[in-house]
2 protein chains.
Amino acid sequence: MVAYYRKKDRFFIAVDCIIFGFEEGELKLLLIKRNFDPAKGKWSLMGGFLSENETLDLAAKRILDNLTGLSKIYMEQLFGFSQPDRDPGERVISVAYYALIRINEFDNKLIEQHGAEWISVKEIPELIFDHNQMVQNAINKLQWNTRYKPIGFELLPEKFTIPELQALYEAIQQKSYDRRNFSKKILSMGFINRLEEKQKGFSKKGAYFYKFDKQKYDELSEKGFDFKL
Amino acid sequence: MVAYYRKKDRFFIAVDCIIFGFEEGELKLLLIKRNFDPAKGKWSLMGGFLSENETLDLAAKRILDNLTGLSKIYMEQLFGFSQPDRDPGERVISVAYYALIRINEFDNKLIEQHGAEWISVKEIPELIFDHNQMVQNAINKLQWNTRYKPIGFELLPEKFTIPELQALYEAIQQKSYDRRNFSKKILSMGFINRLEEKQKGFSKKGAYFYKFDKQKYDELSEKGFDFKL
DNA sequence: CCAAAAGTGTTGACCGTACACCCATGA
DNA sequence: TCATGGGTGTACGGTCAACACTTTTGG
């Protein structure tokens, strides 16, 4: 049986992670300034190589865990990039993943060790290889997905206010919504629950905190979801 | 520089193609009965291995061309499958592609040579490895895509009638639409043009032929497209 | 002349959109 | 007390969904 495979080529397989976070009203990416070759000193995505006995998903999880110390992260396979010259060092096929992170929940020391920084999607520098293309691809997918799945919540703390949620959606979709319509729409969907507690400090009146209700969402999610607004 | 890669593992990379066609009101898949090992005699998707100096897209094109003799095919990368034991013979990472074909436009001899057959998506047999999962994945993506992009037209001949188009959409989405609303909706989008010619033979009255107008579509496509009906 | 398939029109319900008013509170 | 941000309500227009009538023509 093995004979069948003998004359085929083998390849390095990399996994590169586009890591999104949300902070101060800005959608941000976690990028690293490489302190290793190749392309030392340049900006890039966090990545690594697939190992034997590891799925792509696990490789992505491992890479994310290394960098952030977080293990329960929303993560999705994006696309396989395969231009023969995409990595000038060697032929490497890269599978991009994108991940959504709650910025404040994790270990800043690890990030510093890796020379990583949160950078606004509005100010993305030139990245190595085809990483800029990967990022653009990820942003498109994120925009698309937030319209049809409630994954946006993965970027917010457990308790959030409606104005915060709106700011997140505006940062992702890069457009602004009417405050009243946004609130009406999101509430009518019925899968966020208002808490007693109000947010203090930011505004005078204070906004109610809400929690995402995954169970209610799952009940409703079969008929689909369109956040066109 | 090469030192960096030295201790990493290398992998076989396969490309498997989920090939859709539309015939006699049925959405069909092109499957092959393997006349080679491993898994000789079982049903599977058409696939092949990635070679040096070849992108994944090109590998998929090559495989499709081998099987169908067609080179201009709508094709899209689907997903990378990487379970370590997915192929019992060797560790193989597979990137699935799905393709849309006009069934009557191509070479039946090639298909027979490969032991391939068109099989309705309603009667998909057990396939090798994780190919059933790939197929399900492709069907989901096809359903999703036909709702937001006019790719359905890739499955019809150049000239088609509205009832044919409706039958296609019903086969893909696995539900039925109201004839009048379907026609109204599709016409209101404005990217199909009616021809003078009418279809003869099938119905007494005869239905007008239409052509897909890619240019008009491109003009409109920026604001998005939702075929929820 | 009738049956079968195709073309076109009408209506009510719902949803997206635009817009206005009131409330709570820290400064 | 007033400026700022937050919560809620209304009214219009367009689109989806349900439904009926007319047209064409092969048998």
Side-chain angles (χ1 to χ4, degrees), chain A residues 24-25 143 146-148 150 156-157 159-171 173-211 220 223-229, chain B residues 24-25 143 146-148 150 156-157 159-171 173-211 220-229:
Chain A
E24 294 158 18
Q143 289 180 338
T146 47
R147 218 180 118 170
Y148 300 105
L156 291 174
K159 294 189 299 188
F160 54 87
T161 66
I162 291 193
E164 281 170 351
L165 184 60
Q166 178 172 353
L168 170 62
Y169 269 72
E170 292 182 338
Q173 303 291 348
Q174 312 214 44
K175 59 178 169 176
S176 53
Y177 301 109
D178 181 272
R179 198 167 51 84
R180 297 150 285 191
N181 293 334
F182 182 90
S183 151
K184 201 194 314 169
K185 181 75 190 280
I186 206 81
L187 288 173
S188 78
M189 301 201 174
F191 47 71
I192 63 174
N193 294 325
R194 190 161 87 176
L195 308 177
E196 294 303 312
E197 195 183 355
K198 279 191 164 191
Q199 186 185 52
K200 292 286 176 191
F202 178 65
S203 82
K204 328 246 164 151
K205 182 172 178 181
Y208 283 107
F209 278 120
Y210 285 79
K211 261 178 107 163
L220 297 168
K223 65 167 181 165
F225 173 109
D226 187 350
F227 202 85
K228 185 167 72 190
L229 205 118
Chain B
E24 293 158 19
Q143 290 180 339
T146 48
R147 217 180 119 172
Y148 300 106
L156 291 175
K159 294 189 299 187
F160 53 87
T161 66
I162 291 193
E164 282 170 351
L165 184 59
Q166 178 171 352
L168 171 63
Y169 269 70
E170 292 182 339
Q173 303 292 347
Q174 311 213 46
K175 58 179 169 176
S176 54
Y177 301 109
D178 181 272
R179 199 168 48 83
R180 298 152 283 191
N181 293 335
F182 182 89
S183 150
K184 201 192 315 167
K185 181 75 189 281
I186 206 81
L187 288 173
S188 78
M189 301 201 176
F191 47 69
I192 63 174
N193 294 326
R194 191 161 87 175
L195 307 178
E196 294 302 315
E197 196 183 353
K198 278 191 166 191
Q199 188 185 50
K200 291 286 175 192
F202 178 65
S203 81
K204 328 248 164 147
K205 183 171 178 182
Y208 283 107
F209 278 120
Y210 286 79
K211 260 179 108 163
L220 297 168
S221 64
E222 290 189 10
K223 63 166 183 167
F225 173 110
D226 188 351
F227 203 85
K228 186 168 74 189
L229 204 117

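Each chain gets a letter, A, B and so on, in the order the sequences are listed, and its residues count up from 1.
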Problem set entry | Separation of atom CG in Leu187(B) from atom P in dG7(C), rounded to whole Å | 9 Å
Seminar exercise, completed: In whole angstroms, the gap separating P of dA6(C) from CZ of Phe160(B) amounts to 15 Å
For this session: Starting at atom NZ of Lys198(A), determine the distance to atom C1' of dA24(C), rounded to an integer number of angstrom.
Result: 7 Å
Exercise. So do the side chains of Phe209(A) and Thr161(A) get within less than 4.5 Å of each other, counting heavy atoms only?
Worked result: yes
Problem set entry | Side-chain N,O (Arg194(A)) to OP1/OP2 (dT8(D)) below 4.0 Å | yes
Seminar exercise, completed: Regarding the side chain of Arg180(A), the nearest nucleotide among dG7(D), dA6(C), dT8(D) is dT8(D)
Exercise. Which nucleotide in the list dG7(D), dG7(C), dC19(C) gets nearest to the side chain of Ala207(B)?
Worked result: dG7(C)
Exercise. Which whole-number value in Å describes the distance from Phe209(B) CZ to dG7(C) P?
Worked result: 11 Å
Exercise. Does Lys205(B) get its side chain close enough to the base of dT23(D), under 3.5 Å, for a donor-acceptor pair?
Worked result: yes
Exercise. Would Glu170(A) and Lys175(A) pass as an ion pair if we require N to O under 4.0 Å?
Worked result: no
For this session: Mind calculating the distance between CZ (Phe182(B)) and C1' (dT8(C)) to the nearest angstrom?
Result: 16 Å
Problem set entry | Shortest side-chain distance from Asp178(B), nucleotide among dG7(D), dC19(D), dG7(C) | dC19(D)
For this session: Check the pair Phe160(B), Tyr208(B) against ring pair (Phe, Tyr, Trp, His ring centres under 6.0 Å), reporting the backbone distance first and the verdict last.
Result: CA-CA 8 Å; Phe160(B) 53 87; Tyr208(B) 283 107; over 10 Å; no
Seminar exercise, completed: Among the nucleotides dA4(C), dG6(D), dT25(C), whichever has the atom closest to the side chain of Lys204(B) is dA4(C)
Problem set entry | Distance, rounded to the nearest Å, where Asn181(A) contributes CG and dG7(D) contributes C1' | 14 Å
Exercise. Crowded around Lys198(B) NZ? As in, over 12 foreign heavy atoms under 6.0 Å?
Worked result: yes
For this session: Show your reasoning for whether ring pair (Phe, Tyr, Trp, His ring centres under 6.0 Å) applies to Phe182(B) and Phe227(B).
Result: CA-CA 10 Å; Phe182(B) 182 89; Phe227(B) 203 85; 5.6 Å; yes
Exercise. In whole Å, what is the span from the CD atom of Glu197(B) to the C1' atom of dA6(C)?
Worked result: 16 Å
Exercise. Could you give the CZ-to-P distance, from Arg179(B) to dT22(D), as a whole number of Å?
Worked result: 14 Å
Seminar exercise, completed: Closest to the side chain of Lys184(A), out of dA18(C), dG6(D), dC21(D), is dA18(C)
For this session: With heavy atoms under 4.0 Å as the rule, sort Lys185(B) into base, sugar-phosphate or nothing.
Result: sugar-phosphate
